[in-house]
Amino acid sequence: MTEPLAPQYNPSAIESALYAWWQERGLFAPEAGPGGPDAPPYVIMMPPPNVTAVLHMGHGLNNTVQDVLIRFERMRGRRALWLPGTDHAGIATQNVVERLLAREGLTRFDVGREAFVERVWAYVSQTGAAILDQLKAIGSSADWARTYFTLDEDLSRAVREAFVSLYEAGLVYRGHYIINWCPRCLTALSNEEAEKTETDGRIWYLRYPLADGSGYVTVATTRPETMLGDTAVAVHPEDDRYRPLIGRELRLPLVDRLVPIVADDAIDPAFGTGAVKVTPAHDPADFEIGRRHQLPSIDVMTPDARISLAAPDRFQGLDRFEARRRVVAEFEAGGLLEKTEPHRHAVGHCYRCGTVVEPRLSDQWFVRMAPLARPALEKYRDGTLRFIPERRGDDYTQWLEGIRDWCISRQLWWGHRIPVWYCQSDRCARTTVSRTDLDACPACGGPVRQDEDVLDTWFSSWLVPFSSLGWPDRTADLATFYPGHSLVSAPEILFFWVARMIMAGLHFLGEVPYTDVYLHGTVRDTQHRKMSKSLGNGIDPLEVVERYGADALRYSLVSGMSVGTDVILDPDDLEASFAAGRNFANKLWNAGRFILSNLDRPPRPLAGAPRAVRRDELTLADRWIIARCDLTVREATEAYEKFRLNEAAAAVYRFLWSDLADWYIEQIKPRLYGDAPGGDVARAVAIQTFDAALRLLHPIMPFITEALWRRFPGRPATASISVAPWPRPDNRATDAAALAEFERVQQVVSAIRGIRAEYGVPPGQAVRAFVSQDGAEPGSSANRAAPAGARALAALERERTTVERLAKLSALTLGESGERVGGHAVLPDGTSVFVPLGDAIDVGRECLRLGAEADRLGGLVSAQHKKLGNVQFVARAPADVVARERDKLSAWAEQREVLLRKRERLGCG
RNA sequence: GGGCGAAUAGCUCAGCUGGUUCAGAGCGCCUGCCUUACACGCAGGAUGUCGGGGGUUCGAAUCCCUCUUCGCCCACCA
């Protein structure tokens with residue numbers, strides 16, 4: 001604990017040890033916080049990563065945000081629970097294992113269902129949810145003792161309870177509909193899992209001859225191959241072009257089938273030719289038309305999207321896209337292809353493998369969503385539920401208003417098997433939905449067969465806010481931690497997961513699972529492309545942790561993002577993206593090193609905590625930094641509360657770097673060295689404000705803040721900043737006078753430094769400086785002693801050594817100089833600064849400088865005159881605004897006057 | 001096609017309820033410094049028609065309209 005600190009902060013040397021120590025001490029358990037076991041709870045459900053996932057920047061961002069919030073609320077005294085888990089991720093995981101099998105030249109059908117599922121379990125246990133360890137590497141303070149897996153026995157029981165009770169309530173049903181089918185994954189998908197992407201395709205105009213040879217009807221289609229399954233052509237009943245044809249028959253080319261022309265309101269006469277080929281087995285709209293007109297459905301495709309036996313021989317076995325070419329070619333050859341046009345339209349793709357989805361008619365299980373959506377919408381409309389940023393509520397509303405039933409059965413092997421048993425006895429043939437496994441038909445005792453399908457992965461995820469707490473049992477955890485509070489998610493899973501959890505929470509427990517939904521942005525590269533493995537533009541968060549530290553990673557993610565905006569990182573230049581965070585950590589490290597090393601420096605060794613200081617012992621600088629610290633506490637706390645993490649980061653950054661390091665630490669150096677008076681007060685103030693700032697920063701940069709905080713004198717070895725109480729605003733620290741007066745000190749110092757730089761005064765060379773409140777010649781009529789000015793000078797007098805030291809002065813004189821030649825500056829309040837430089841300076845150049853500055857102020861003054869001369873302004877603007885504008889005018893005028901007098905004295909032309 | 005958002009310094013972005021944060025921060029750039037916490041640093045400096053146009057107002061980066069460009073969500077015009 002007291003080993004000397006290296007001048008360069010090395011995060012990798014301490015982060016993992018600190019994390020291990022936090023875990024050993026059990027600090028992530030809700031009751032470990034400073035609020036104790038009876039504090040009000042605060043709960044965040046972690047979006048469970050896939051068991052087989054490898055950490056990417058999206059996880060990094062998502063979990064950083066959650067960790068910031070959970071650490072903030074923990075320190076604020078709430079019983080903070082961040083509940084982690086992993087998702088079995090049906091399709092994704094099954095695909096991974098299938099690919100492994102493929103390397104052995106096997107398919108899942110070769111090994112069989114039971115053996116395949118065993119292999120998936122083996123694989124999953126072998127990857128060991130490594131993703132969770134990776135989340136630890138970035139500092140995530142989740143309560144790992146509660147980690148769940150969506151296929152755990154408990155959660156599986158919850159899934160079954162949910163399914164069965166929804167079935168009993170009439171909200172789960174089996175139906176024969178067109179669903180989205182992935183021909184590669186060989187399973188049904190929900191609407192949400194079929195990602196629509198705008199694609200440049202074509203539209204073909206095909207001629208279907210009338211059966212009696214009296215002409216033809218032209219239909220337009222984007223999927224010509226489906227014509228093999230056409231069973232009608234539909235037109236709008238009011239469409240004059242086609243009205244006489246309604247009821248007549250067409251001879252379907254290539255297939256030579258007679259199909260009727262039917263009239264249907266759903267047809268838009270304005271699109272295409274106004275005549276639509278109807279393929280009930282391969283298009284959802286056509287399916288509905290088919291229903292209305294009792295048309296047969298002819299399924300012309302196999303599960304892997306090849307042409308089936310229902311089509312003419314020569315097409316059978318062709319891939320759907322080959323078949324498309326073949327169909328078009330044959331129409332062309334037969335003179336039946338009228339034309340082809342480019343056509344931009346939305347095509348569905350499997351969200352797991354990217355394959356073009358095929359609408360397919362099949363038997364699936366569905367959840368009736370409208371009754372679940374209604375209360376979920378209501379909770380948003382009544383303000384119970386809010387979105388950050390607010391506009392995401394529009395997406396939520398829109399989705400819920402147009403919600404369609406949720407297809408939940410998947411033709412996969414990895415997942416929760418659907419708890420439905422079919423009696424095999426022909427006489428009974430009963431379907432039983434059951435909470436417990438069945439061996440025999442409860443009705444006839446005959447043999448039963450369980451439904452082969454599994455449930456959509458999201459059917460377990462949507463229960464997580466309560467299934468992870470023990471539901472359907474009424475556990476103590478459930479009573480304590482449901483409902484939760486914040487949900488932090490990528491916008492991509494708003495519908496998959498976030499909205500459905502709200503519906504499930506309301507349905508099963510009668511309460512929304514959380515009230516604040518924070519949807520953060522997406523991590524993108526400098527060309528604003530989403531980071532992804534396939535694009536190869538990803539950044540490995542673990543590499544960043546290794547090279548820059550977890551704190552730097554977190555800082556960069558948090559500071560680069562305002563509410564709901566994307567985070568831009570440069571995959572080709574990690575330095576550009578993460579150096580700022582690393583540099584900040586290093587800055588803190590060194591500030592800490594300085595403060596701590598001076599604590600036990602003789603002659604006043606500090607064995608214990610720094611002593612309490614009395615208000616009357618404080619210098620102006622002390623009062624200033626305390627007031628600044630207090631403002632930062634207020635600012636940062638409010639920013640965290642409003643999810644404005646970047647603002648919290650900026651506020652603490654500004655305080656630590658610009659205020660504490662650049663000014664206060666520099667200011668107290670003379671007091672610390674030797675036996676200067678006030679040294680112990682400075683030490684106490686430094687440590688007190690540094691301590692507070694570290695706490696404010698801890699949610700964002702947990703490691704460095706802990707590393708430093710633990711080293712404070714008088715700290716018990718077991719104390720951790722992660723459970724230290726959050727700093728409170730202190731009205732006694734408010735000190736407007738100190739803020740204003742010290743700011744003037746800073747302005748004087750900066751002005752002198754500016755003059756030194758302007759005239760190239762060597763850094764080592766001390767100069768003299770004169771500061772006066774009125775630049776007028778002694779005895780001139782303009783010389784009026786302003787009481788405010790006198791106070792300002794008095795403050796400067798008190799901080800004389802500060803000015804002398806920081807501006808490298810041999811002497812500071814408060815008053816006029818008899819000399820003329822030197823560098824001049826005028827502060828905004830009219831305070832005059834003069835640095836005599838004699839021959840070292842070029843008078844002409846100084847005249848130009850002062851003239852330019854006077855001109856600038858002159859512009860401001862005349863603009864201000866105009867504004868105040870405007871009767872409308874004076875009459876209509878609020879009195880305080882007018883008064884403020886008047887003050888500005890007189891300040892600028894004064895400043896300019898002083899400048900002009902200086903030019904006069906210098907003898908400028 | 002419907003809904004929503006964004007455009008501010010070379011880059012990434014703050015700027016919230018119109019006027020004291022009003023034109024800002026970080027990075028980058030220029031100048032000078034190895035000043036005994038830190039060169040991952042210190043000090044000083046340059047940089048903008050606040051996307052174009054119109055309007056409301058005493059006053060607009062901020063509110064309204066419009067155009068342009070970019071992005072997100074949704075969608076069975078085949």
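On a predicted model such as this, the values are computed, not experimentally measured, just so you know. Per chain, numbering begins at 1; letters A, B, ... match sequence-line order.
- Using a 4.0 Å heavy-atom distance criterion, A/Glu288 is classed as making no nucleic acid contact.
- Residue contacts for A/Ala877: at a heavy-atom cut-off of 4.0 Å it reaches a base atom on one of the strands shown.
- A side-chain N or O of A/Tyr208 and one of A/Asp230 form a donor-acceptor pair less than 3.5 Å apart.
- Remark: P of B/rC13 and CD of A/Glu647 are 16 Å apart, rounded to the nearest angstrom.
- For A/Trp657, a side-chain nitrogen or oxygen approaches OP1 or OP2 of B/rC42 to under 4.0 Å.
- For A/Lys808 and B/rC33, the shortest distance from a side-chain N or O to OP1 or OP2 is not below 4.0 Å.
- Each of A/Ser559 and A/Arg391 has a nearest nucleotide on RNA chain B; the 5'-most of these lies closest to A/Arg391.
- OP1 or OP2 of B/rG44 sits under 4.0 Å from a side-chain N or O of A/Ser750.
- B/rU21 is unpaired under the Watson-Crick or G-U wobble criterion, no partner having all donor-acceptor distances under 3.5 Å.
- One finds no side-chain N or O of A/Arg392 lying less than 4.0 angstrom from the OP1 or OP2 phosphate oxygen of B/rC72.
- Taking 3.5 Å as the limit, the base of B/rC38 and the side chain of A/Lys587 contain a donor-acceptor pair of atoms between them.
- No side-chain heavy atom of A/Tyr351 sits under 4.5 Å from any side-chain heavy atom of A/Glu192.
- Residue whose closest nucleotide on RNA chain B sits further toward the 5' end, between A/Ile568 and A/Phe584: A/Ile568.
- Of the listed nucleotides (B/rC74, B/rA37, B/rC4), B/rC74 has the atom at the smallest distance from the side chain of A/Gln398.
- No hydrogens or angles were tested; on distance alone, nothing pairs the side chain of A/Glu666 with the base of B/rA43 as donor and acceptor under 3.5 Å.
- Counting any heavy atom pair closer than 4.0 Å across all strands shown, A/Lys669 reaches a base atom.
- Judged by distance alone, the side chains of A/His282 and A/Thr226 never bring a donor and an acceptor atom under 3.5 Å apart.
- Of the N and O atoms on the side chains of A/Thr218 and A/Lys339, not one donor lies less than 3.5 Å from an acceptor on the other residue.
- Between the C1' atom of B/rA39 and the CH2 atom of A/Trp589 lies a distance of 19 Å, rounded to the nearest Å.
- Following rounding to the nearest Å, A/Asp268 (CG) and B/rA78 (P) show an atom-to-atom distance of 10 Å.
- Within the nucleic acid shown, A/Thr273 has no heavy atom closer than 4.0 Å to any nucleic acid atom.
- A salt bridge is absent between A/Asp887 and A/Arg884; no separation between the charged side-chain nitrogens and carboxylate oxygens falls under 4.0 Å.
- Contact annotation: the side chain of A/Asn537 approaches that of A/Arg529 to within less than 4.5 Å [non-hydrogen atoms, C-beta and beyond].
- Using a 4.0 Å cut-off, some side-chain N or O of A/His343 falls inside it from OP1 or OP2 of B/rA78.
- Rounded to an integer number of Å, the gap from A/Leu569 CG to B/rC13 P is 10 Å.
- Here A/Asp662 lies in heavy-atom contact (under 4.0 Å) with sugar-phosphate atoms only.
- Side-chain N/O atoms of A/Arg753 include none lying less than 4.0 angstrom from OP1 or OP2 on B/rG45.
- Residue contacts shown for A/Ala757 are limited to sugar-phosphate atoms, with no base heavy atom under 4.0 Å away.
- Taking the six-membered ring where tryptophan is involved, the planes of A/Trp657 and A/Phe584 are essentially parallel, since the angle between them stays under 30° and well short of 60°.
- Note on A/His528: a side-chain N or O is less than 4.0 Å away from OP1 or OP2 of B/rC13.
- Using a 4.0 Å heavy-atom criterion, one finds that A/Arg884 contacts the bases of the nucleic acid, with or without backbone contacts as well.
- Taking atom CD1 of residue A/Ile289 and atom C1' of nucleotide B/rC77, one finds them 11 Å apart after rounding to whole Å.
- Pairing partner, B/rA78: none, since no Watson-Crick or wobble contact has both distances short of 3.5 Å.
- When heavy atoms are screened at a 4.0 angstrom cut-off, A/Asp394 is found touching the sugar-phosphate backbone but no base atom.
- If you take CD1 of A/Ile388 and C1' of B/rG5, they are 17 Å apart, rounded to a whole angstrom.
- Nucleic acid contact class of A/Ala220 (heavy atoms, under 4.0 Å, all strands): base.
- Under the 4.5 Å side-chain criterion, counting only non-hydrogen atoms from C-beta, A/Leu889 is not in contact with A/Arg886.
- In this structure, A/Arg582 atom CZ and B/rC40 atom P are separated by 7 Å, rounded to whole Å.
- Listed nucleotides: B/rC76, B/rC16, B/rG19. Nearest to the side chain of A/Arg644: B/rC16.
- Nucleic acid contact class of A/Pro878 (heavy atoms, under 4.0 Å, all strands): base.
- Distances shorter than 4.0 Å separate none of the side-chain N or O atoms of A/Asn590 from OP1 or OP2 on B/rG41.
- Across the protein-nucleic acid pair, A/Leu631 atom CG and B/rU21 atom P stand 14 Å apart, rounded to whole Å.
- OP1 or OP2 of B/rC76 sits under 4.0 Å from a side-chain N or O of A/Lys196.
- Of the nucleotides present, none pairs with B/rC50 by Watson-Crick or G-U wobble criteria with both distances under 3.5 Å.
- No hydrogens or angles were tested; on distance alone, a donor-acceptor pair under 3.5 Å links the side chain of A/Glu198 to the base of B/rA75.
- When distances are taken from the side chain of A/Pro7 to each of B/rC33, B/rA78, B/rC38, the shortest belongs to B/rC38.
- A/Ala234 comes within 4.0 angstrom of no nucleic acid atom, judged by non-hydrogen atoms across all strands.
- If you check B/rC72 for Watson-Crick or wobble pairing at under 3.5 angstrom, you find it paired to B/rG3.
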